[in-house]
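Chain letters run A, B, ... following the sequence lines, proteins first and then strands; every chain starts at 1.
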Protein chains: 2
Amino acid sequence: MRQDLPATAYALLGLLTLGEEPVTGYELKQRADSTLRFYWVSPAMSQIYSELARLTERGLVAATSEQDGGREVTSYAITAAGREALHTWMADTPAGFPVLKHSVCLRLLMGHAADPEGTVRMLEEYVEECAAARADLQQVRDGLRGNDGPGQPFFHPSLVADWGLDYFEDEARHARRALDRLRED
Amino acid sequence: MRQDLPATAYALLGLLTLGEEPVTGYELKQRADSTLRFYWVSPAMSQIYSELARLTERGLVAATSEQDGGREVTSYAITAAGREALHTWMADTPAGFPVLKHSVCLRLLMGHAADPEGTVRMLEEYVEECAAARADLQQVRDGLRGNDGPGQPFFHPSLVADWGLDYFEDEARHARRALDRLRED
DNA sequence: ACAGCCATGTAACTCGTTACATGATTAC
DNA sequence: GTAATCATGTAACGAGTTACATGGCTGT
């Protein structure tokens with residue numbers, strides 16, 4: 001049975017396996033923003049809801065609605081079929097090469113068509129943004145401590161977080177190097 | 001006058017500034033594949049043609065059709081208005097943070113839901129793919145030599161190429177580090 | 001009282017892809 | 001002659017976004 005869902009659907013399934021209790025779409029968005037967004041486009045709220053609807057339809061997640069005062073709140077949990085689908089996807093579908101839309105490199109490539117000061121400013125800002133992203137991720141990483149050993153729940157997230165921390169540092173280094181060469185002449 | 005075109009349109013405009021002669025859509029695709037694709041999604045042929053049509057409509061590129069034997073071949077060149085639009089876009093529109101869809105990190109994040117051997121295999125393959133991408137880019141980089149000094153035509157492309165070479169090396173290093181930690185336990 | 005967060009969705013739209021279709025030229 | 005490459009497009013579709021709409025709950 002081919003599932004053929006977009007990667008984002010499996011990303012959401014994966015996020016649902018990170019906790020025990022069912023979560024609302026809103027909470028899932030927050031979970032995505034705090035973990036996923038460093039390596040993957042964090043989906044818009046509207047997409048989370050429509051994706052959850054599709055996953056529910058296919059029986060990969062189970063929705064439970066409850067009355068919370070005057071409003072109806074729906075929480076979602078991954079089902080056994082969902083876990084199986086996720087597992088199958090991970091085993092059978094090649095990961096593929098990461099897709100990058102590096103706006104900074106794109107502009108640097110066409111730097112001859114811009115004001116030199118503009119290019120320098122852009123790179124300086126990028127260095128700062130990398131530092132900020134790194135600080136955000138460091139917060140997340142710190143929250144994993146104590147449960148990040150082999151076999152523990154946050155083992156894999158900690159691997160990815162450390163990857164990301166290095167990545168942001170490297171990016172800042174690359175930008176600084178380009179800045180040095182721009183200032184040379 | 002707001003132009004409000006997608007970044008890919010400006011990327012194509014930028015590619016058109018890299019050479020002197022008008023190029024066909026087909027040649028533009030090859031130019032994109034050899035430079036852009038390392039930092040930006042290389043657009044599909046069909047998108048190149050439709051984007052060129054829109055740019056022509058707006059007067060940012062000029063199309064010249066010629067009879068080449070039995071078939072009509074259309075070549076495109078950037079216009080003065082196109083250069084101005086590109087310059088304005090570079091000056092006024094913030095670059096924004098790069099968008100990443102890192103399928104390898106995404107899967108590593110959910111590694112607990114996969115077979116450990118599968119995760120290891122994925123990372124080993126990624127290391128190889130990074131090496132292959134780096135080798136491809138090295139070819140491109142070598143082609144820039146001699147014209148890559150400050151003020152020369154390939155100065156900015158060479159900055160980006162060196163950035164990319166380092167990037168692929170870093171990625172392979174990150175993957176190897178994750179592999180080491182996976183093998184530890 | 002009012003701001004800000006929690007929570008859920010719909011509608012319109014754009015970007016970009018794959019599949020399809022066509023046909024000329026060039027190299028073996 | 002036939003395969004690969006050059007060259008140009010159309011059509012259908014899917015992913016994902018922004019804008020819009022609604023309304024309850026919570027803290028000050």
Measure the distance from CZ on B:R71 to P on C:dT25 and round it to the nearest whole Å. 6 Å

Could you work out which one of C:dT17, C:dA11, C:dC6 sits closest to the side chain of B:V41? C:dT17

Any chain of hydrophobic side-chain contacts (each under 4.5 Å) joining B:V41 to B:Y49? no

For atom OH of A:Y26 and atom P of C:dA7, their distance in whole Å: 7 Å

Length of the CE-C1' vector between B:M45 and C:dC15, whole Å: 17 Å

So, for B:F154 and A:H112, is the gap between ring centers shorter than 6.0 Å? no

Under 4.0 Å between any heavy atoms, over every strand shown, what does B:Q30 touch: base, sugar-phosphate, or nothing? Just pick one. sugar-phosphate

Chain A contact limits on DNA chain D, taken 5' to 3' with a cut-off of 4.0 angstrom to heavy atoms: D:dA15 to D:dC25

Look at all strands and tell whether A:S75 reaches a base, only sugar-phosphate, or nothing, counting heavy atoms closer than 4.0 Å. nothing

Just checking, is any N or O donor in the side chain of A:D170 or B:H174 under 3.5 Å from an acceptor N or O on the other one? yes

What's the CD-P distance between A:Q47 and C:dC15, to the nearest Å? 17 Å

Are A:R145 and A:S158 close enough that a side-chain donor and a side-chain acceptor fall under 3.5 Å? no

Touch check for A:S65, heavy atoms < 4.0 angstrom, all strands: base, sugar-phosphate only, or nothing? nothing

In terms of the nearest nucleotide of DNA chain D, which residue is placed more toward the 5' end: B:T24 or A:S46? B:T24

More 5' along DNA chain D: B:S50 or A:T8, using each one's nearest nucleotide? B:S50

Classify A:K29 by what it touches in the nucleic acid, base, sugar-phosphate, or nothing, heavy-atom distance under 4.0 Å. nothing

Determine, for B:W89 and A:R107, whether the Lys NZ or Arg CZ falls below 6.0 Å from the six-membered ring centre while staying within 45 degrees of the axis. yes

With respect to the side chain of A:Y49, which nucleotide from C:dC6, C:dG23, C:dT8 is positioned closest? C:dT8

Looking only at side chains, do A:D148 and A:Q152 share a donor and an acceptor under 3.5 Å apart? no

Rounded interatomic separation in angstrom, taking CD from B:E66 and C1' from C:dA24: 16 Å

Between C:dA7 (P) and A:I48 (CD1): distance, integer Å: 13 Å

Verify whether one side chain among A:Y126 and A:E171 offers a donor that lies under 3.5 Å from an acceptor in the other. yes

